[in-house]
Amino acid sequence: HHHHHQSVGIIGAPFSKGQPRGGVERGPDLIRSAGLLQRLEEQGCAVKDYGNLTFEEVVDDEPVGRVKRARAVGSANQRLSEAVRAVKKDGHTSVMLGGDHSLAIGSIHGHSAAVGELSVVWVDAHADINTPLTSTTGNIHGQPMSYLLHELHSKIPVLPNFSWVKPCVSAKDLVYIGLRDVDPGEHYILKLLGVKVFSMREVDQLGVSKVMEQTCDYLSAKVKKPIHLSYDIDAIDPSITPATGTPVVGGLTYREGVYITEHLCQTGLLSGVDLVEVNPLRGQTEAEAQSTVSTAVDLLLGCFGRLREGNHPPAYALPEP
Ligand SMILES: N[C@@H](CSCCS(N)(=O)=O)C(=O)O
Ligand SMILES: [Mn+2]
Ligand SMILES: [Mn+2]
Ligand SMILES: [Mn+2]
């Protein structure tokens with residue numbers, strides 16, 4: 001048999017209705033064709049590709065209050081939740097390739113259905129914690145965390161195709177890294193709930209290694225829980241990853257971005273990963289799309305044992321003359 005660092009289950013979620021810009025649904029296949037699975041296997045992972053989910057067409061998905069495309073988003077995430085739960089039940093670390101960040105609703109919900117309580121590390125320029133009533137855009141990719149937190153449950157109105165969503169994360173088990181574009185309503189929520197936040201100011205002040213040290217100390221202060229890493233490619237500076245829907249200057253360097261995944265990998269607690277918001281149509285050139293996709297691949301390889309010092313297969317032996 002072979003030594004396997006990790007057993008990885010890949011789910012493609014080609015979904016874009018959490019936001020208005022076409023192209024983000026191309027993320028899963030672009031990340032695959034950039035060689036993700038082959039590279040994971042080369043570094044000693046066992047990889048199972050569960051393929052791309054298909055989502056039901058929803059007609060007449062009229063706004064509910066300000067919330068846009070609720071029926072499509074609710075339906076897609078219910079399907080994703082089932083799929084992630086099954087991947088976890090098969091014993092893999094789940095990797096959900098987006099698609100927009102509204103997919104974190106299903107991914108985290110399904111992960112928690114399989115493993116129970118978990119910690120969430122949310123790496124993003126944005127907090128994505130608007131409630132349906134604080135959101136000014138109505139785009140659900142800016143709201144996913146609000147549906148998942150126990151502490152916000154009373155602030156969530158009834159939405160069509162959302163009745164299946166049960167809050168499953170406690171505010172004390174959530175850590176943000178990379179924030180630099182947070183709405184007033186979101187900032188109020190983060191302060192009210194005392195959510196742990198390492199904004200880009202803290203990244204500058206502490207450096208990424210201290211941020212990761214403090215993140216892991218904070219999350220394991222009481223009970224070590226499986227970690228769900230929800231990585232929005234727009235956490236990285238747009239000079240590196242411009243092909244995304246809501247780019248914000250002053251982001252993480254490539255090196256900081258990879259350090260985050262390398263560090264979480266070595267905790268041995270990484271249990272589910274999202275990689276979202278890669279949108280090739282938002283790049284001005286093919287090269288910009290390629291840089292964005294290849295960075296996404298490298299971030300994922302860091303989650304599963306790749307080290308910049310180099311790697312070699314466990315069974316490696318020098319060739320004899
Ligand atoms: N805060 C804004 C922008 S949220 C950006 C969503 S994402 N998933 O981080 O790209 C909103 O609520 O629409
Ligand atoms: Mn062995
Ligand atoms: Mn974002
Ligand atoms: Mn996001």
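Counting convention: from 1, in listed order, for ligands and their atoms alike.
Ligand 1 has no nitrogen or oxygen under 3.5 angstrom from a nitrogen or oxygen of Asn139. Between Ser135 and ligand 1, not a single N/O pair is under 3.5 Å apart.
In this structure, a donor-acceptor pair under 3.5 Å is absent between the side chains of His126 and Asp183. Checked by atom type, the side-chain pair His111/Ser271 shows a donor-acceptor distance below 3.5 Å. If you check the side chains of Arg32 and Asn52, you find a donor sitting under 3.5 Å from an acceptor. No side-chain donor-acceptor contact under 3.5 Å links Ser81 and Gln78. For the residue pair Thr246 / Asp234, a side-chain donor-acceptor distance below 3.5 Å is found, with atom types taken as modelled.
Looking only at heavy atoms of the protein, atom 11 (C) of ligand 1 is closest to Thr137 OG1, 3.6 Å. From the protein, the heavy atom lying nearest to atom 1 (N) of ligand 1 is Asp183 OD2, 2.8 Å. Thr246 OG1, 2.9 Å is the protein heavy atom nearest to atom 10 (O) of ligand 1. Looking at atom 3 (C) of ligand 1, its nearest protein heavy atom turns out to be His126 CD2, 4.2 Å. Looking at atom 12 (O) of ligand 1, its nearest protein heavy atom turns out to be Asn130 ND2, 3.0 Å. Among all protein heavy atoms, the one lying closest to atom 7 (S) of ligand 1 is Asp232 OD2, 3.3 Å.
Summarising the contacts of atom 4 (S) of ligand 1 with Ala125, Gly142, Pro20, the nearest heavy atom is found in Gly142.
Residues Arg201 and Leu179 form no side-chain contact, since every pair of their non-hydrogen atoms from C-beta on lies 4.5 Å or further apart.
When heavy-atom distances to ligand 1 are checked against a 4.0 Å cut-off, Asp124 comes that close only through its side chain, counted from C-beta outward. No part of Asp181 comes within 4.0 Å of ligand 1, judged by heavy-atom distances. Using a 4.0 Å cut-off between heavy atoms, Asp100 makes no contact with ligand 1 at all. With a heavy-atom cut-off of 4.0 Å, His141 touches ligand 1 through backbone and side chain alike.
To the nearest 0.5 Å, the span separating CG on Leu80 from CZ on Phe55 amounts to 6.0 Å. Ser33 contributes atom OG, which lies 11.5 Å from atom CZ of Arg26 (distance to the nearest 0.5 angstrom). Here the straight-line distance linking atom CG of Asp217 with atom CE of Met212 works out to 10.5 Å at 0.5 Å rounding.
By the 4.0 Å N-to-carboxylate-O rule, Asp61 lies too far from Lys17 to be salt-bridged with it.
In this structure, Tyr259 and His263 have tilted ring planes: the angle between them lies in the 30° to 60° band. Relative ring orientation between His92 and Tyr50 is described as perpendicular, the plane-to-plane angle rising above 60° on a 0-90° scale split at 30° and 60°.
Around the Mn ion (ligand 4), protein atoms of type N, O or S found under 2.8 Å number 4.
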Quiz item: Would Val276 and Met96 satisfy side-chain contact (heavy atoms from CB on, under 4.5 Å), going step by step from the backbone distance to the final call?
Solution: CA-CA 8 Å; Val276 297; Met96 188 278 287; 3.7 Å; yes
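Ligand 1 places these atoms under 4.0 Å from at least one heavy atom of His101: 8 (N).
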